Chemist: 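Please see the structure below; I have some questions.
So you know, we letter chains A, B, ... as the sequences are listed, proteins then strands, and number each from 1. Because the structure is predicted, anything quoted here is derived from the model rather than measured.
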There are 2 protein chains.
Amino acid sequence: MPPFDATFAALSDATRRGVLEQLGREGASITQLAEKFHMTLTGMKKHVVVLERAGLVTTEKVGRVRTCKLGLRRLEEEAAWIEAYRRLWDARFNALDNVVEELKRREKVDE
Amino acid sequence: MPPFDATFAALSDATRRGVLEQLGREGASITQLAEKFHMTLTGMKKHVVVLERAGLVTTEKVGRVRTCKLGLRRLEEEAAWIEAYRRLWDARFNALDNVVEELKRREKVDE
DNA sequence: TAAACACTGAACCATATGGTTCAGTGTAAT
DNA sequence: ATTACACTGAACCATATGGTTCAGTGTTTA
């Protein structure tokens, strides 16, 4: 339901960002991820669950091994939010310049 | 020290994203923000502290009122990370097409 | 000077996070 | 049939989060 909350929260952990980067290279089992990030199986499982709930990862269990790969979420809305924010930020900080511009314009009028 | 962690965590809350959008329009006191987001002063103060620690907001106290405005962080690294991820994601999902392409190429060779 | 205002800090609460260990369950290999 | 493997679930732990109330402190304003 609240996409941003879950996604940004998922991205706020270095291990989880690492897992995403890893899965971008190739799929991996929970065991492989746990080893790569020096963590217990159970610990890694929790991270994977968080990533799954955020739509960033999907998993499938075949036999006794669960394979993880990137999920459908492509961070489009998140990228869009950040871009919108950056435009807002630019406008806000350019406002300072705008004051200067405005003063210059008035000077000219006064001439 | 860990910029992503603090920033993404700060962005994972709807109230805080709202505060950022508000401050993008114009600066505001803690009281004003607390009213706008239907929250106690103390509650809003905590959010502002989180945003400050992430570099997204700066505040200045003049007399008895603390005024908040957007901070220096423009989400550049965050935008860059997300963009890199999206490229990774595209490559990963295009890989499926690539398999198809590869098969087609082999068929041609076999002809 | 008294009253109102804006904030701050401490304490509390319920829930979440990031990790662990331990005890299973089910699957694969010998 | 036994053993080893990969995962899962429950329980636990310390700390963080998102909120609150209550009791200040310091600043305006009347």
Side-chain angles (χ1 to χ4, degrees), chain A residues 1-23 26-71 78, chain B residues 1-23 26-71 78:
Chain A
M1 295 301 192
F4 287 161
D5 292 55
T7 313
F8 281 135
L11 293 180
S12 74
D13 181 271
T15 299
R16 285 193 294 262
R17 289 194 302 274
V19 167
L20 289 179
E21 286 166 4
Q22 171 58 37
L23 295 182
E26 71 180 320
S29 68
I30 307 270
T31 298
Q32 288 169 339
L33 292 173
E35 278 170 5
K36 179 152 256 167
F37 293 91
H38 314 100
M39 195 176 298
T40 58
L41 257 186
T42 313
M44 180 51 71
K45 178 77 187 319
K46 286 193 180 184
H47 283 302
V48 169
V49 167
V50 171
L51 289 167
E52 267 189 294
R53 282 195 308 210
L56 295 167
V57 160
T58 57
T59 70
E60 192 193 6
K61 193 165 185 177
V62 175
R64 63 186 172 181
V65 31
R66 177 175 298 279
T67 302
C68 311
K69 58 177 188 172
L70 293 190
E78 292 74 15
Chain B
M1 295 298 195
F4 286 161
D5 293 54
T7 313
F8 281 135
L11 293 180
S12 75
D13 181 90
T15 299
R16 284 192 295 261
R17 288 193 303 274
V19 168
L20 289 179
E21 286 165 4
Q22 171 58 37
L23 295 182
E26 71 179 320
S29 69
I30 307 271
T31 297
Q32 288 168 338
L33 293 173
E35 278 170 6
K36 179 151 258 167
F37 292 91
H38 314 100
M39 194 175 300
T40 59
L41 257 185
T42 314
M44 180 51 71
K45 178 76 187 317
K46 285 193 182 185
H47 283 303
V48 169
V49 167
V50 171
L51 289 166
E52 267 189 295
R53 281 195 308 210
L56 294 167
V57 161
T58 56
T59 71
E60 192 194 6
K61 192 165 187 178
V62 175
R64 63 185 173 183
V65 31
R66 177 175 298 278
T67 303
C68 310
K69 58 177 189 174
L70 293 190
E78 292 74 15

Chemist: State, to 0.1 Å, how close Ala28(A) and Leu23(A) come at their nearest heavy-atom pair, and which atoms those are.
Modeler: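 The answer is N-CD2, 3.7 Å.
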
Chemist: What is the distance from CZ of Phe8(A) to P of dT17(C), rounded to the nearest Å?
Modeler: 16 Å

Chemist: Of all of residues 11-22 of chain A, which get a heavy atom below 4.0 angstrom from DNA chain C, listed by number?
Modeler: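 Heavy-atom cutoff 4.0 Å gives Asp13(A), Arg16(A).
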
Chemist: Quick check for you: to the nearest 0.5 Å, what is the distance between Thr40(B) atom OG1 and Glu35(B) atom CD?
Modeler: 12.0 Å

Chemist: I need the minimum non-hydrogen distance between Leu70(B) and Leu20(B), along with the two atoms involved.
Modeler: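 Closest heavy-atom pair between Leu70(B) and Leu20(B): CD2-O, 3.7 Å.
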
Chemist: Can you give me the closest heavy-atom contact between Leu33(B) and Met44(B), atom names plus distance?
Modeler: O-CE, 3.5 Å

Chemist: Any base atoms under 4.0 Å from Gly43(B), or only sugar-phosphate, or nothing? Heavy atoms, all strands.
Modeler: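 Answer is base: heavy atoms of Gly43(B) come under 4.0 Å of a base.
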
Chemist: Tell me: CG of Asp5(A) to P of dT17(C), nearest whole Å?
Modeler: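 After rounding, the gap between these two atoms is 11 Å.
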
Chemist: Taking only side-chain N and O atoms of His47(A), does any of them lie within less than 4.0 angstrom of OP1 or OP2 on dG19(C)?
Modeler: yes

Chemist: Looking at DNA chain D, which of residues 32-40 of chain B put a heavy atom within less than 4.0 Å of it?
Modeler: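 Here the set is Met39(B), Thr40(B).
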
Chemist: For the atom pair CD1 (Ile30(B)) and CE (Met39(B)), what is the distance rounded to the nearest 0.5 Å?
Modeler: 11.5 Å

Chemist: For nucleotides 8-14 of chain C, give me every protein contact, N/O to N/O, under 3.5 Å, one pair per line with atom names.
Modeler:
from, atom 1, to, atom 2, distance (Å)
dT8(C), OP1, Arg66(B), NE, 2.6
dT8(C), OP1, Arg66(B), NH2, 2.6
dT8(C), OP2, Lys45(B), NZ, 3.2
dG9(C), O6, Thr42(B), OG1, 3.2

Chemist: Less than 4.5 Å apart, any side-chain heavy atom of Gln22(B) and any of Glu26(B)?
Modeler: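 Gln22(B) reaches Glu26(B) side chain to side chain.
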
Chemist: Mind listing the side-chain donor-acceptor pairs of residues 51-63 of chain A below 3.5 Å, one per line with the distance, residues two or more places apart or on another chain?
Modeler:
from, atom 1, to, atom 2, distance (Å)
Glu52(A), OE2, Thr59(A), OG1, 3.1
Thr59(A), OG1, Arg66(A), NH1, 2.9

Chemist: Check nucleotides 3-5 of chain D against the protein and report each pair of N or O atoms closer than 3.5 Å, with its distance, or say if there are none.
Modeler:
from, atom 1, to, atom 2, distance (Å)
dC5(D), O4', Arg64(A), NH1, 3.4
dC5(D), O2, Arg64(A), NH1, 2.8

Chemist: If you look only at distance, which donor and acceptor atoms sit under 3.5 Å apart when one is on a side chain in residues 10-19 of chain A and the other is two or more places apart or in another chain?
Modeler:
from, atom 1, to, atom 2, distance (Å)
Ser12(A), OG, Ala9(A), O, 2.8
Asp13(A), OD1, Thr15(A), N, 2.9
Asp13(A), OD1, Arg16(A), N, 3.1
Arg16(A), NE, Ala10(A), O, 2.9
Arg16(A), NH1, His47(A), ND1, 3.2
Arg16(A), NH2, Ala9(A), O, 3.2
Arg17(A), NH1, Leu11(A), O, 2.6
Arg17(A), NH2, Asp5(B), OD1, 2.9

